[in-house]
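Report on the structure given below.
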Amino acid sequence: MDNTLQKIGVVGCGLMGAGIAEVCARAGSDVIVVESSQERADAGRGRLEKSLRRAEERGRLDSADEVLGRIRVVTELGDLADRDMVVEAIVEDEGAKVELFKQLDEIVTSPDAILASNTSSIPIMKLATVTKRPSNVLGVHFFNPVPVLKLVELVPSLMTADDTVERARTYVDGELGKHAITCQDRAGFVVNSLLIPFILSAIRMYESGFATAEDIDQGFVLGAAHPQGPLALADLIGLDTTMAVAQSLYEEFKEPLYAPPPLLQRMVDAGLMGRKSGRGFYTYDS
Ligand SMILES: C[C@H](O)CC(=O)SCCNC(=O)CCNC(=O)[C@H](O)C(C)(C)COP(=O)(O)OP(=O)(O)OC[C@H]1O[C@@H](n2cnc3c(N)ncnc32)[C@H](O)[C@@H]1OP(=O)(O)O
């Protein structure tokens with residue numbers, strides 16, 4: 001069996017999908033990204049171009065065009081047939097991911113191909129068991145902004161083959177130059193299990209009128225050397241995603257510390273998603 005992963009597929013070209021496609025293409029992989037409509041594909045392509053041009057302007061990349069030449073953004077899942085690994089990065093919705101994994105299992109032809117999910121909270125087992133190749137399914141969880149943050153969580157389910165984990169680790173550490181850690185298939189994995197209760201506590205503190213958003217965030221930037229405070233970070237992650245991860249954690253463990261506070265729910269209901277919608281705990285220009 002050829003163990004190298006060269007042809008990569010990414011499903012979803014939002015915040016995370018575009019970042020994953022970017023780092024894979026910058027590492028030299030041939031990348032196909034699938035979006036659900038032409039409009040979304042155009043927006044995803046624009047996101048990729050903006051990020052790569054910025055990297056080129058800042059001298060961190062020789063040629064944005066060369067990297068863009070390795071990425072195709074398409075609207076047909078069928079175009080992923082010849083991929084060595086497909087990373088799913090669609091909306092954090094279990095039903096949608098399950099449906100996608102059923103389809104990917106039919107489409108991706110190589111029996112050795114890896115089907116990976118960038119989910120941050122949905123059990124990998126639920127995605128693995130709808131395929132005929134559960135030993136080739138695992139979680140490969142990147143962090144936002146993907147081009148900046150080094151960590152990738154590798155999450156095998158009870159059915160994942162050791163060889164699948166090692167092939168993914170070789171790609172993540174060796175090709176992408178990131179750092180993989182491994183953990184069990186439990187909602188939240190390592191980082192979100194710790195980060196989400198922290199963010200939710202900050203939202204409760206703000207909601208109670210205990211301190212302003214600015215002061216809560218400054219407390220962590222200046223008092224604990226975090227690059228940004230918990231409310232600014234929630235805006236970066238997206239309040240809808242923060243909410244979805246909190247709900248998954250709460251469903252899994254039934255611990256009150258994971259229960260989304262009412263303010264978060266109200267903000268999501270109002271369409272205040274953070275950076276990507278222009279307003280969350282702060283307002284943003286574009
Ligand atoms: C919920 C999910 O499941 C899991 C998650 O993703 S949890 C979220 C994890 N993410 C974090 O914790 C992020 C914490 N925050 C940070 O690391 C930093 O605040 C930050 C990198 C987002 C921004 O850094 P900051 O210094 O405030 O801003 P900025 O000056 O714009 O950026 C600094 C450098 O970061 C890089 N950068 C920032 N955003 C970037 C992006 N979207 N794409 C590429 N590079 C970016 C650039 O290299 C930039 O340098 P440049 O000015 O030369 O271009």
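Just so you know, ligand 1 is whichever comes first in the structure, and atom 1 is the first atom listed for that ligand.
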May I have a table of the N/O to N/O pairs between ligand 1 and the protein that fall below 3.5 Å, each row giving the two atom names and the distance to 0.1 Å?
from: ligand 1; atom 1: 3 (O); to: Ser120; atom 2: OG; distance (Å): 3.4
from: ligand 1; atom 1: 3 (O); to: His141; atom 2: NE2; distance (Å): 2.8
from: ligand 1; atom 1: 3 (O); to: Asn192; atom 2: ND2; distance (Å): 3.1
from: ligand 1; atom 1: 6 (O); to: Asn144; atom 2: N; distance (Å): 2.9
from: ligand 1; atom 1: 10 (N); to: Asn144; atom 2: O; distance (Å): 2.7
from: ligand 1; atom 1: 15 (N); to: Gln228; atom 2: OE1; distance (Å): 2.9
from: ligand 1; atom 1: 37 (N); to: Arg54; atom 2: NH2; distance (Å): 3.4
from: ligand 1; atom 1: 48 (O); to: Arg60; atom 2: NH1; distance (Å): 3.2
from: ligand 1; atom 1: 52 (O); to: Arg58; atom 2: NH1; distance (Å): 2.6
from: ligand 1; atom 1: 53 (O); to: Arg58; atom 2: NH1; distance (Å): 3.2
from: ligand 1; atom 1: 53 (O); to: Arg60; atom 2: NH1; distance (Å): 2.9
from: ligand 1; atom 1: 54 (O); to: Arg54; atom 2: NE; distance (Å): 3.3
from: ligand 1; atom 1: 54 (O); to: Arg54; atom 2: NH2; distance (Å): 3.2
from: ligand 1; atom 1: 54 (O); to: Arg58; atom 2: NH1; distance (Å): 2.9
from: ligand 1; atom 1: 54 (O); to: Arg60; atom 2: NH1; distance (Å): 3.3
from: ligand 1; atom 1: 54 (O); to: Arg60; atom 2: NH2; distance (Å): 3.4

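- Evaluated for a salt bridge (Lys or Arg N to Asp or Glu O under 4.0 Å) with Lys7, the options Asp112, Asp82, Asp84 yield exactly one hit, Asp82.
- Using a 4.0 Å cut-off between a side-chain N of Lys or Arg and a carboxylate O of Asp or Glu, Lys178 and Asp173 do not qualify as a salt bridge.
- Listed for the Asp217 side chain is a donor-acceptor partner under 3.5 Å among the backbone atoms of Ala232.
- Judged by distance alone, the side chain of Ser248 and the main-chain N or O of Ala244 form a donor-acceptor pair under 3.5 Å.
- In the displayed structure, Arg204 atom CZ is contacted under 6.0 Å by more than 12 heavy atoms of other residues, nucleotides or ligands.
- Of the candidates Glu92, Lys97, Glu94, Glu92 is the only one forming a side-chain hydrogen bond (donor to acceptor under 3.5 Å, both in side chains) with Thr119.
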